[in-house]
Structure formats: structure tokens, C-alpha cells
2 protein chains.
Amino acid sequence: MASFSRTAHVSIKDIARAAGVSHSTVSRALQGVPVVKRETAERIQQIALEAGYTASAVARSLVTRKTRTIGVVVTTITDPFHHEIISGVDEVASEWGYSVILADSRADPEREIRVVRSFHERRVDGIIVMSSRVGALYMPMLTEMKVPIVIVNNQRGAEEDFVHSVTIDNVEAARIATRHLVELGHTRIAYLGNLLGVYSDTERFAGYRHALMDANIPFQARLVAHCQNRPEDAMVAMRNLLTLPQVPTAVFCYNDLLALGVLKASGGGVRVPHQISIVGFDDLFFASFLDPSLTTVQQPKKEMGRLAMDLLFRLLRGEEVEKTIHVKGTLIVRDSTAPPPT
Amino acid sequence: MASFSRTAHVSIKDIARAAGVSHSTVSRALQGVPVVKRETAERIQQIALEAGYTASAVARSLVTRKTRTIGVVVTTITDPFHHEIISGVDEVASEWGYSVILADSRADPEREIRVVRSFHERRVDGIIVMSSRVGALYMPMLTEMKVPIVIVNNQRGAEEDFVHSVTIDNVEAARIATRHLVELGHTRIAYLGNLLGVYSDTERFAGYRHALMDANIPFQARLVAHCQNRPEDAMVAMRNLLTLPQVPTAVFCYNDLLALGVLKASGGGVRVPHQISIVGFDDLFFASFLDPSLTTVQQPKKEMGRLAMDLLFRLLRGEEVEKTIHVKGTLIVRDSTAPPPT
DNA sequence: TTGTACGCGTTATCAA
DNA sequence: TTGATAACGCGTACAA
């Protein structure tokens, strides 16, 4: 049962023999090169079909020096934010006959190195990076491969020549989200950010502070907390915030995953939004199904994936392209925000 | 800026020249074949390092006839159930230096064909299928590639010789979940299933009916609904159930994604679990953070991914393996279930 | 319109 | 211990 005979795939030569022509004619016929006489071409194609011939991408890659393969790195496969992006990437890639090699770096230096090596060995034509955090050696190694790189949600490394990116304007989006809370009348607004020193976190935090400044609300460091990108950690962080002498009346979260934990920590639907308002970021699939439904900043995630892949293709074609593509975030007001308690 | 010189990768020959030896010696030195004289080996490795040499996996694959690549198909990349499984697959795969090519079939026949072709062309060493539904032609095409195939969550096609699988016992797990409701005192228990004619849905439905029979509760067809695998559709389905003359007091959902919508449709935390109990399946990451937290059947998802990849490796090594690996589901009782209203 | 010959970067088999 | 030499399956310039 478990014997997989080293299946000698039928090759171009096999069907050349069967058709009584040379293998180069077969190659041309199968590629659809017009010089081949129509009849022979059709005969060859017929034979190839019957023989169940499938061209070997590896042999072809060896000579064309292109693999029609792109590498995609993520920090955690299980981060729901990535999925729609990957989905968009895959859509465009497969439209053009490209395959996606997925790799998980875990933001672990050792694994990052392995991923880069693997991509290099496999001679991927390009790379898309969705790692939210990258080790210091990472980008340099990546760029050393001399293949185009597109980063989704910008971060350090975007300065390098070969690196392009797709991102939303985190500062502005965070500002709008925070302003929404300000306009509702909140003044004690907390920020719950991400631990890893992520670029987008820094930006969203900046947007948060901007909004406070705009409204002449003094910034209070004690209203800021950071935690790992997991709802359980957000719960803990939120509980701490709730022990403050001056409890915040609103929390702006780095993303929906954290908001999920914050919502839980706030307990029982009673207190949100009437005692505490909560705003997330990303608009993940569950945001509208929470109770209360989550006010959040929607990112066009699938579109971002498509744009990233488009950008990569244009780079592969050697076209001149913009260094960074900005997409717009949209504040979606739902039921987790309301005026502060009086 | 956008010019990627057809980077002539340094080859084994280049460093052979630099080292003043033949390319075969270089090959041996780099592979660590012991026959090479220690000094020469070290010198070669040094030179290779300095030259930034990275072996070409494609050239190697051409001769070894192995790509160290496995193809993974999913029906939708954005289904959260798949992520932890993929994560497990990736963990084990990368441990052994294998890469994962991810492809999305969308349960669309045309795309399924493209995926298979692509896998075949790329000469993947094995395939893991997580498509919840597969077209009639799909499995036959897949098996025609004569590479080992492992299906996660069994389904039609598992009879074929080359096909192995990893799955939980859906019937039993569903039975336990339903029994939990029965034991709480429910008698009007609805089942919300998946539309696509998924095998696992059929099984879970069977488990549901078993549990009813065990308790001598008559089966009522009107308490059964089916919808697409999206919370928004589950909402609609649930609203319909709520219009029944005899409203159900509990709903067993095909999975957590549907439960998410059902929870929402049941509205405002007030009615769940006191008027309606809800049970899900999968224990996705958000289940414990919902309000009320969701009672559900936990599947060891990451472990299933690891097992699937393990199984595949054993098949690749030509070992005798079990046709199906069963894992255990665990009912996790949380706050979405309670005795029916009196 | 077709065939010959060579090369892509490795591994593997012989001899030396 | 090392070096020729031949594959692997395909694309392609050149010749016929």
C-alpha cells in the first residue's frame, strides 16, 4: 500500500519518440510556438494529453532561471489578520500561474534565517513579508537575495532599495479612531499596544497622541499598556487598567485581537459601552458578531494582498513603481463605543 | 531602482574554479561527503561562504527527483479552522527542510484542476488536503499524480489506495456534544449544519441524531437547518429557527463560525444561555472570549496538522502506516449552555 | 518547418 | 582522495 514507485514521469523525449519527431519540436508544439506545422502540433498535443504529460516546472526553471514562485513570510500563521491578505496574494498569484510558498518565521531569528535560506535555495522570484517584527539581520539577508520584496504594513527596512510596501496610514487611522472617542466626550482614553516593538504599533500610538493633542487632552503615560498579540494577554492588561484610581472611560486597542480580550475583561456586556468604550483595529471577521459589536478601523485586507502581489509583478517585469502604496482605513462605528458615563 | 539584474547566482563551478578543484569535489565537500580531504573540504566551504553560495534546489531536484516540497490545498484560506492545522503542518515540514506550497481551491472545479496541475508541474513530493468539499473529479486527479496524499478531516476519496487521513471521530464528538444538552434537560435541540454537503457535516449530524435516539427524543426535521460556512448566514438561519411555533431551547452548530452567528442572532447575551443554549465545534481562538463564552468541542488542531505531516513523511519513506489516524475531541463546557427555561 | 547540439546547476558513477 | 563524464527534463540558437 505504501509504495510509491519512483514514478518515471513521461518526458518531452518520450512523447517525441511516440510522435516520431525530435524533442525540440515537441517542446515548441506544447508551448504553442507558431512555427510548428499545425497538424504536427495537434498530433503532438494529442499524444501528450493521452500520455498524461505534464511539463516539469523544475527542469524548466533550471533553464529559464525563473521559478514562478513567490515566498510569503508571516510571523504567525495563526494571526487572523494575515489570512485575508494571503488570500488576496494567492488570488492574484494563481491568476498568473505563480505559486505561493508559505513560511512562518515566528519572529524568531533562527527561523528567520532558515526561511531566507529556504527561499534563496528555491530561487523564489520575489518575496512578500508580513512579519510584523523582523530581526536586525533579517531584511539585509532578504535584500541580499536580490529579488524584489514587498512588505505589507510597513516597518523598518522599507528604506532599502529593493523593498517596496503596501500599507495603510496607521497614524491617520489611529488618529481618526481616537478622535471618534474624543468626540463622544471621552477624556480618559487608554491605549493598549503591542509588545513586540512593531512599527505599526509605534505609528498607531503616535496617531493616538496626535488626537489627544488636537483635543488638548493631556497625555497620561499610565493610560498606556502593551502586551503580546493575544486576547488572553489583553485581558490581563485591561484588568490592570481597570485598577487605576482614575479608570479610563475608553480604550483604543492596537488591533481587534486585543480588543477581543479587552471586551472580555470588561465583563458581561453590561459595562461596554456604557461604562467603557472600546475601539479596535483591522475589522476582523468576528468584529461585527461580538456582543457588543466592535467599533474598529477597517483595513481593506484582501485588497492589500492583491495590491502587494500586483506590485511584486510589476517589479518582476522591471517596471517603474511607486515605493509605497497607501490604502485607506475606514472607521466603522458599531456598538462598543458610546459617550462616557456622566 | 526597479532593475533586478538577472543575478547570475554563483554556482558550484564558480567556486570550483576559485578553489582550483573540480566541481564534483565541491559538490562533495559541500554535502559533507567524508571522502573529501579535510583541508580541501574546509577550504572549499570557506570559499563558498565568502562567495555567498547557496545551492540551487531546482537543479538538485532535477537529478534527485525530489523537491522537498509539499502541496497544501484548502477550500478557503480565510477559514480560521485551517490556520492552526497549517501551522502544525508547517512546523513539522520546516523541521525537515520541506517547504509548503499553499493553494486555495475555493471548492471551485476549475480552480481545483489548476491546483492539481500546478502541484503536478512543480513535482510536489506529497499533498495535504483540507478542502472540506471536493469536486467529483478532484480526488481521482489527485491520486493520478501518484504521490502520497493525506486528508485532514476525512471525506469521500478516503477509500482510494494512496489516500490517508487524519480526523476526529465526528459522530462520537457530536454525540457527546448533543448529549451534554440532553443532560441539561433540553428536548427541542436544533442542528445547524453546513450547506456544502461536507462529509464531516453528515457525520456530525449523525452524531446529533444518535444522541437524540439515545435519549428517546423524537427527531424533528424542522429543527434542522443548513447554511454556508459563514456567521452571517448562520444568523439568518437562526432567525428562521426562532420563528418556529415551538422554538428550540438549544442549538448544536456544525462549527464555531456558525455558532458565532447564532449567538449574534440570539441577541444581547440576555437570552443565551437562559433561553437558548448553544454549542459549537472546533474551539476556535475566539470561543472563550465571546459573551457568553462558547461551549464547544475542542479539536487538537495544531496536533492534527503535525500528525498529517508526520503521516506524509512516513509515506514518503515508504513505511507501512495506518490508513487513518483518529484524534480525540473534547467537550469544553463554558457559559453558552444551561438548563432550558422552565 | 524541423532537427542537432548545447547549457541550465546538481548529483552520481566510474576511473584514475 | 579527486576528476571526467553522464545524466536529470527542458528551452533555444543555429543549421538544415
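Both backbone and side-chain heavy atoms feed into the values below; hydrogens, waters and symmetry mates do not. Convention: sequence-line order gives letters A, B, ...; per-chain numbering from 1.
Scanning atom types as modelled, no donor and acceptor separated by under 3.5 angstrom connect the side chain of A:Arg123 and the base of C:dG9. Evaluation of atom-type donor-acceptor distances gives a pair under 3.5 Å for the side chain of B:His23 against the base of C:dT11. Between the base of D:dA4 and the side chain of B:Ser24 there is a donor-acceptor pair shorter than 3.5 Å.
Between A:Thr40 and C:dT2 there is a side-chain N or O to OP1 or OP2 distance below 4.0 Å. Between B:Thr25 and D:dG3 there is a side-chain N or O to OP1 or OP2 distance below 4.0 Å. Taking 4.0 angstrom as the limit, B:Ser56 places none of its side-chain polar atoms (N or O) nearer than this to OP1 or OP2 of C:dG9. A sub-4.0 Å separation between OP1 or OP2 of C:dT10 and a side-chain N or O of B:Gln31 is absent. Between D:dC8 and B:Arg65, no contact under 4.0 Å exists linking OP1 or OP2 to a side-chain N or O.
Contact between B:Ile12 and B:Tyr53 at its shortest, heavy atoms only, is N-CE1, 3.7 Å. The minimum heavy-atom distance linking A:Ala93 with A:Met309 is given by the pair N-CG, 3.8 Å.
Atom P of nucleotide D:dT12 and atom CZ of A:Arg28 are separated by 10 Å, given to the nearest angstrom. One atom, NE2 of B:His120, and another, C1' of D:dC10, lie 15 Å apart when rounded to the nearest Å. Rounding to whole angstrom units, CD1 of residue A:Ile44 and P of C:dT1 are separated by 13 Å. Rounded to whole Å, atom P of C:dG7 lies 8 Å from atom NZ of B:Lys13. Rounding to whole angstrom units, CG of residue B:Leu30 and P of C:dT10 are separated by 9 Å. Rounding to whole angstrom units, CD of residue A:Glu42 and C1' of C:dT1 are separated by 15 Å. With rounding to whole Å, B:Lys66 atom NZ is found 10 Å from C:dA12 atom P. Straight-line distance from the CD1 atom of B:Ile12 to the P atom of C:dA12: 11 Å, rounded to whole Å.
Contact annotation for B:Val35: base contact, defined as any heavy-atom pair under 4.0 Å involving a base atom. Across all strands shown, A:Ser61 has no heavy atoms under 4.0 Å from either base or sugar-phosphate atoms. Counting non-hydrogen atoms under 4.0 angstrom, B:Val21 reaches the backbone sugars and phosphates but no base.
With ring centers used as reference points, B:His120 lies under 6.0 Å from A:His9.
A cation-pi geometry, defined here as NZ or CZ lying under 6.0 Å from the six-membered ring centre and within 45° of its normal, does not hold between A:Arg314 and A:Trp96.
Both B:Leu62 and B:Arg38 sit near DNA chain D, but only B:Arg38 has its closest nucleotide nearer the 5' end. The nearest heavy atom of DNA chain D to B:Ser22 and to B:Ala59 marks one nucleotide each, and the one closer to the 5' end goes with B:Ser22.
Note on B:Arg111 versus A:Asp90: salt bridge recorded, some NZ/NE/NH1/NH2 to OD/OE distance being below 4.0 Å.
With contacts defined as side-chain heavy-atom distances shorter than 4.5 Å, the pair B:Val100/B:Ile128 does not qualify.
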